[in-house]
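Before any comments, here is the structure.
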There are 2 protein chains.
Amino acid sequence: MSPRRVTLADVAKAAGVSRTTASLVLSGRGRELRISQDVEQRVLKTAEELQYRPNIVSRGLRTGSSRTIGFVSDTVATSRLAGDMIKGALEGARDRGFMLFIGETEGDAELERLLLQAMHDRQVDGLILASMFTRTIKVPKTITAAPAVLLNALPKQPAPLPAILPDEVEAGRRAARVLLDAGHRDGIYLIGAGPRLRDVPTESLAAVERLIGIREALGEAGVQVAGARTCPDWQPDYGLEATRDLLRTVQPRALICFNDRIAMGAYQALDDFGLKVPADVSIVSFDDHPIASWVRPQLTTVALPHYELGRKAVDVLFTEIERDRSAAGGVGEVHRVPMPVRHRESVAPSSAAGSSG
Amino acid sequence: MSPRRVTLADVAKAAGVSRTTASLVLSGRGRELRISQDVEQRVLKTAEELQYRPNIVSRGLRTGSSRTIGFVSDTVATSRLAGDMIKGALEGARDRGFMLFIGETEGDAELERLLLQAMHDRQVDGLILASMFTRTIKVPKTITAAPAVLLNALPKQPAPLPAILPDEVEAGRRAARVLLDAGHRDGIYLIGAGPRLRDVPTESLAAVERLIGIREALGEAGVQVAGARTCPDWQPDYGLEATRDLLRTVQPRALICFNDRIAMGAYQALDDFGLKVPADVSIVSFDDHPIASWVRPQLTTVALPHYELGRKAVDVLFTEIERDRSAAGGVGEVHRVPMPVRHRESVAPSSAAGSSG
DNA sequence: ATCGGGCGCTAACCCGATTTAGCAACGAGT
DNA sequence: ACTCGTTGCTAAATCGGGTTAGCGCCCGAT
C-alpha cells in the first residue's frame, strides 16, 4: 500500500500553528498578512522536514484551477510528424508548472465530445485542439466551457478562437525562391497538387496555401509553373506514380513536391528513369520529415515547425486563460509560425543559369 | 467567462431532495439504501435535464482516485516509432474512463523526479514508465508512491515492478527463420550488432536479445552467421557505412539488419555496389517502421507491437492498482508481447536452395 | 399505551487545501 | 480609564462531492 501523504494539517500541527497560518506562510502571503519571522521560519522548516507537498487536487477544488491543460487531437499523438508539437506543448506547460492531458478523437465527433467532457470533468484550465494536418475543423460547442486554442487548424465556422498555424503561404514562396535562387526558370513542375488552386487533396489547407505562395513567388519573378500532377493522398506510392506519369511525357528541370513522402516517391521515379538528383532534376519539398535527411542526396525542404507550433499554442492558450479570468471576450486571432528552409543536397544550380545574383 | 457548472447541490435542490439522496441515487446506491422509486426517478430526471456531470476533482479529493494515469517516458511521446504505444495506452485508459497525463524526462533524472512529483501531486492512480528503446532503466525511488509498471524497459536493480516488453528473442528467431525458410544457409550477415553478444550498442537490450534469438534459430538449423558489422547508432548513415564496409570484402547472400533504418542504409549501399534486393541479397529487418513499406522493394521486417505494448501496459497497471488496493505486494512479473513478421518483398528464395521442406 | 422494527430520507462530517472575517493582546494617545 | 490602531494569529466557511450515523414516521405486536 502507498503511504499516506503529508497534509497541510500535519505541518500545522507539527509546527504548532493553525492550518490557516501554515497555508499563508507556504503560499508566500505570510509577510503580507503579518505572520512573524519566527513562525514563518518554523513553518517552512517543518514543511521541509516533513517533505510536505500541497495536494493539487484539493487546491484545485478550492481555486477552480487544476494546473492542467488538455491536448486533444484527431490522431496527432501517434504521428511522428507531429509528435514534436506535443513536445513543444509539454515544455511550454512544464515551464508554468502545468501538466498535459492527452486525448485522441480519431476524427470521431462523439469520441471528441466524450473526451472534452472527461477533460472538463477534471477541470482543465484550457484546451488545445490540434489537427494532424493543416485544415479547417468543426469546433464542438462544448469548447466554450473553457479557454481554448486551435493548433494546426482553422475553425470551419467563424469562432472567437485563436488559431496557431504554420505560415504555409510564405513556405510556398520560400520553396519557389530556393529554385529561383538556383537559377531555375523553366521546367519547374509540381508534384502533389496544382497547378490550379482547386487541384488539391480534400480539406488540405496546407496544399492551397503552399500553392498560393509558390505561384506568387514564381509570378513575381515572371516564371510560370510548367505543369503539375496531383496526388489523392500525400504518400510515397502516389508520389512515385505521379512522377512516373510526368516523366513519361516531359523531362522536368526541377520539382516542387508538396511533402517529403511524395518527394521520396519522386526520387524513386527519377531513379527508374535514370535521372540524377540534383544534376538532372532539382527537388525542393515541404515538412522536413526524418526521411528528408535519410534519402540520398539529402532533401532540401521547408520545415514544419512542429515544436514551435506546440509551444506557441501553449503560450497563446495562457494569454487566453488570462483573458478569460478578466472576463474579456476573445477575438480569434490567427498566429502564423514561420517555416524555415533546410538547405541540403537536392537542389543544384540550373545548367541554363545565367548570372548568379 | 466560462459558465458555472451544475453541481450536485443544484440537482438536489431542483429535485427537492437532500444532497445525500441525490448522491446516493446518482452513484447507483439508491436501491441498496432504500430510496423510493419515485424519488429516484425524480433525481435522475432532474440530473438529466440540468445536464449534471459530477466533478471528478471533487470526487477524487474524497475517494483518493483521480481516474487518471501518468505516462512518463524519456522521449517516447515525440518519436513516431513509439507513438503507437501512447495510442494503445490511451485507448486502454479510455475504455476504463481514465485519462492520461503525459510527461517527458529527456533522460534527465531531476526532470523525472519533478515530473513524478507533479503527477503524484495530482493524485494519479498509477504510472507507466516508458522507454523509447528497449533497455534497462534506473527506477526512481519515489515510484513507490503509486502503482507503476515499466514499458519497454527492465529495472536496472531488482524491483517489484511489472515490466512489459516486446519478445525480442523470439523476434530474432523469427527473423532468422524467414531466411532459413527461404533456403538461405550461407552468406548470412548481420548489420547493426554481433556477431558476439557483447558487440552491441550501449544499453540496448533489444540488440542483445535479437542476437540471441538469431543465433539460436540459426544454430538449431546448423547454420553459422557468416559475419557481422556493428553500428554505434542504429541510423541509416551508419547502416550505409557498415554495409559498404562489408561489401568491400565479401558478397553476402542475405542480411539481417537490426532495424529498418539500418536496412534503409543497407539498401543504399547495395545499390551503390549494383546489387539487387532481393535477387542478389535478401534482407530481413526489425521494427516495421513506416519506412519499411516506403522503400522498394518493400522490406520484410519483424514488427515492434507498439500499440499492443501500450495497451498491455495499461492492462497490467490496472491489475497492479487492484493489487495495491488489496494491500498485496507486487512481484515484478515480466510480460512479453509477440513481435509479428511482416512478410513483404525483400526476401527471395536462395538460388542455392535445395529441398524446401 | 408502549415497544420494536422496517422504511425513507437527511444532518453532519470528511477529503485537503484557500480565504474571509475577526479575535486577543498590547501600546499609544487623550 | 477609555478609545483606537496595530500586530499576530486563528476560527470557520468554502469548493463539490462521498459516507456514516441516525432521525421521524408508520405499522404491528404486546
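Within every chain, numbering begins at 1; the chains are lettered A, B, ... in the order of the sequence lines, protein sequences first and strands thereafter. These figures come from a predicted structure and were not determined experimentally.
- Residue A:Q157 places its CD atom among more than 12 non-hydrogen atoms of other residues, nucleotides or ligands, all under 6.0 Å distant.
- Sorted by residue number, the members of residues 17-41 of chain A with any non-hydrogen atom under 4.0 Å from DNA chain D read A:V17, A:S18, A:R19, A:T20, A:T21, A:L33, A:R34, A:I35, A:S36, A:V39.
- Under the side chain to side chain donor-acceptor pair (under 3.5 Å) criterion, A:E32 pairs with A:R29, sequence neighbours left out.
- Partners of B:R113 under the salt bridge (Lys or Arg N to Asp or Glu O under 4.0 Å) rule, at least two apart in sequence or in another chain, are B:E110.
- Remark: A:E48 engages no residue in a salt bridge (Lys or Arg N to Asp or Glu O under 4.0 Å) (not counting sequence neighbours).
- The salt bridge (Lys or Arg N to Asp or Glu O under 4.0 Å) test applied to B:R34 returns no partner, not counting sequence neighbours.
- Across all their heavy atoms, B:G16 and B:R42 have their closest contact at O-NH2, 4.1 Å.
- Taking 4.0 Å as the cut-off between side-chain N and carboxylate O, B:R59 and A:D121 do not count as a salt-bridged pair.
- Side chains of B:S23 and B:T20: no donor on one and acceptor on the other come within 3.5 Å.
- Here the two rings, on A:F101 and A:F71, have centers that are 6.0 Å apart or farther.
- Under the 3.5 Å distance criterion, with hydrogens and angles disregarded, a donor-acceptor pair is assigned to the side chains of B:S131 and B:R135.
- Using a 4.0 Å cut-off between a side-chain N of Lys or Arg and a carboxylate O of Asp or Glu, A:R311 and A:E308 do not qualify as a salt bridge.
- B:L8 comes within 4.0 angstrom of the backbone, heavy atoms only, and of no base.
- The end-to-end axis angle of the helix from C:dA1-D:dT30 to C:dT30-D:dA1, rounded to 10 degrees and based on five pairs per end, is 90°.
- Under the side chain to side chain donor-acceptor pair (under 3.5 Å) criterion, A:Q41 pairs with no residue at all, not counting sequence neighbours.
- Comment: A:E106 engages B:K87 in a salt bridge, judged by a side-chain N to carboxylate O separation of less than 4.0 angstrom.
- Taking the salt bridge (Lys or Arg N to Asp or Glu O under 4.0 Å) definition, one finds that A:D125 meets it with nothing, sequence neighbours left out.
- The side chain to side chain donor-acceptor pair (under 3.5 Å) test applied to B:K13 returns no partner, not counting sequence neighbours.
- Contacts between residues 43-55 of chain A and DNA chain D, defined by a heavy-atom separation under 4.0 Å, are absent.
- In 5' to 3' order, the nucleotides of DNA chain C bounding all contacts with chain A (an atom under 4.0 Å from a heavy atom) are C:dG16 to C:dT20.
- Nucleotides of DNA chain D lying under 4.0 Å from heavy atoms of chain B occupy a range whose first and last members, 5' to 3', are D:dG16 to D:dT20.
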